[in-house]
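To start, the structure itself, in structure tokens.
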Amino acid sequence: MSTEKEKDVRPSPQAPTSPKYLWHNGKLLPWETATVHITSIGWTAISAVFEGIRAYWNEVEQELHIFRLEEHLRRLANSMKLMRMIPPFSHQELKQAIIELLQGNELKEDSYIQPLVYFSGAVPGYRAVEGQPAEILITTRPAPSNLNSGRESHCCISTWVRIGDNSMPPRAKCLTNYQNSRLVSTEARINGYDSGIILNTQGKVAEGAYACIFIVRDGMAITPGVTAGILESITRATVIQFCHEVLHVPVQERDVDRTELYIADEAFLCGTLAEIEPVVSVDRYPVGSGEEGPITKATERLYHDVARGLDSRYTSWRAPVWQG
Ligand code: PMP
């Protein structure tokens with residue numbers, strides 16, 4: 001029997017916040033017309049891969065630019081390769097599709113873009129074979145930046161262990177890997193923390209639930225290496241480049257022990273959606289002074305200025321959508 005309450009919680013196909021269009025297999029489609037048969041729920045997701053990309057609005061110039069689009073599309077191609085998917089569209093076609101979608105949705109604010117690639121046809125994702133056709137869905141939504149907002153995170157070490165390269169490779173941005181991230185973030189929030197940090201199968205620090213991690217010790221920025229069970233984060237690569245080329249902070253990519261987080265001078269999470277997120281305590285040990293540290297602050301400011309186009313360096317990282 002269906003109750004009034006059950007009726008209330010069913011989402012309408014067009015929630016009030018839905019954008020006008022999404023992009024599916026080469027076409028801009030009105031949001032409410034993009035439906036699939038109910039029997040495909042879940043199965044296509046098993047080998048689906050995706051990306052999370054940000055676009056930053058510059059209010060003064062009235063311009064929107066996508067940040068590091070080339071790198072995100074290259075990682076999407078790598079994720080498809082690991083899943084043995086044949087890319088249904090070229091790098092250039094996807095780039096154009098994302099720009100057209102943002103324009104079609106008339107987004108003139110900070111936005112998030114999510115391309116999702118999945119095996120098509122009646123075969124469930126877990127039985128998909130090499131060469132099976134794949135489809136792409138791209139969605140966008142407004143996503144205000146938190147940079148320079150004073151946000152601070154209290155983290156814990158999760159009791160969950162990071163998935164490994166020989167079981168569910170974290171290097172692939174595969175939808176199913178996110179069960180691992182979800183367990184970490186849910187546990188952290190239930191226990192009163194903002195977010196969780198996860199150790200890998202070797203017991204070393206891997207990353208946050210949805211972001212990579214840096215610590216600062218004695219003026220050195222330290223981050224787990226790309227073989228530590230992390231997603232090869234584009235923001236992590238950006239921060240490393242900033243440290244070398246602008247901030248003149250030496251960087252070490254190496255194993256990080258859990259207790260190094262407790263005695264670090266500074267710590268921050270980094271990711272496309274997380275951006276630069278200062279970590280001020282881990283397992284209730286204050287990190288450094290218990291406030292955002294100077295290297296974190298400088299990194300956050302620089303990231304903001306470059307991504308929003310207030311700093312004229314690294315312009316090749318910004319793909320124009322609307323340009324004044
Ligand atoms: N690790 C995980 C598990 C993530 O989900 C993300 C967010 N994509 C990151 C790291 C950070 O990656 P990026 O900087 O490329 O967004």
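Both counts, for ligands and for their atoms, begin at 1 and track the order of listing. In what follows, every heavy atom counts, from backbone to side chain, and hydrogens, waters and symmetry copies are set aside.
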Check [Y] with [X], please: is the shortest side-chain N to carboxylate O separation under 4.0 Å?
X      : Y      : result
Arg313 : Asp305 : no
Glu207 : Arg162 : yes
Arg236 : Glu253 : yes
Arg217 : Glu266 : no
Glu260 : Arg254 : yes

contact_flag [X] ligand 1 heavy-atom lt 4.0 Å:
X      : answer
Lys173 : yes
Glu51  : no
Gly52  : no
Pro170 : no

Starting from [atom], which protein heavy atom do you reach first, and at what distance in Å?
atom                    : value
atom 1 (N) of ligand 1  : Glu207 OE1, 2.6 Å
atom 6 (C) of ligand 1  : Tyr210 O, 3.1 Å
atom 14 (O) of ligand 1 : Thr235 OG1, 2.5 Å
atom 5 (O) of ligand 1  : Tyr178 OH, 2.6 Å
atom 16 (O) of ligand 1 : Thr272 OG1, 2.6 Å

Q: Quick one: pull up CG in Leu76 and CG in Leu69 and give me the separation to the nearest 0.5 Å.
A: 10.5 Å

Q: Check each heavy atom of Ala211 against ligand 1 and say whether those closer than 4.0 Å belong to the side chain, the backbone, both or neither.
A: backbone

Q. Is Ala274 touching ligand 1 with its side chain, its backbone, both, or neither, if touching means heavy atoms under 4.0 Å apart?
A. neither

(Q) So, applying side chain to side chain contact (heavy atoms under 4.5 Å, CB included) with Asn148, which one of Glu275, Lys297, Arg301 is it? (A) Arg301

Q: Can you establish whether the number of heavy atoms outside Arg258 located under 6.0 Å from its atom CZ is more than 12?
A: yes

Q: List every atom of ligand 1 that sits less than 4.0 Å from any heavy atom of Ala209, numbering the atoms from 1 in the order shown and giving each element.
A: 3 (C)

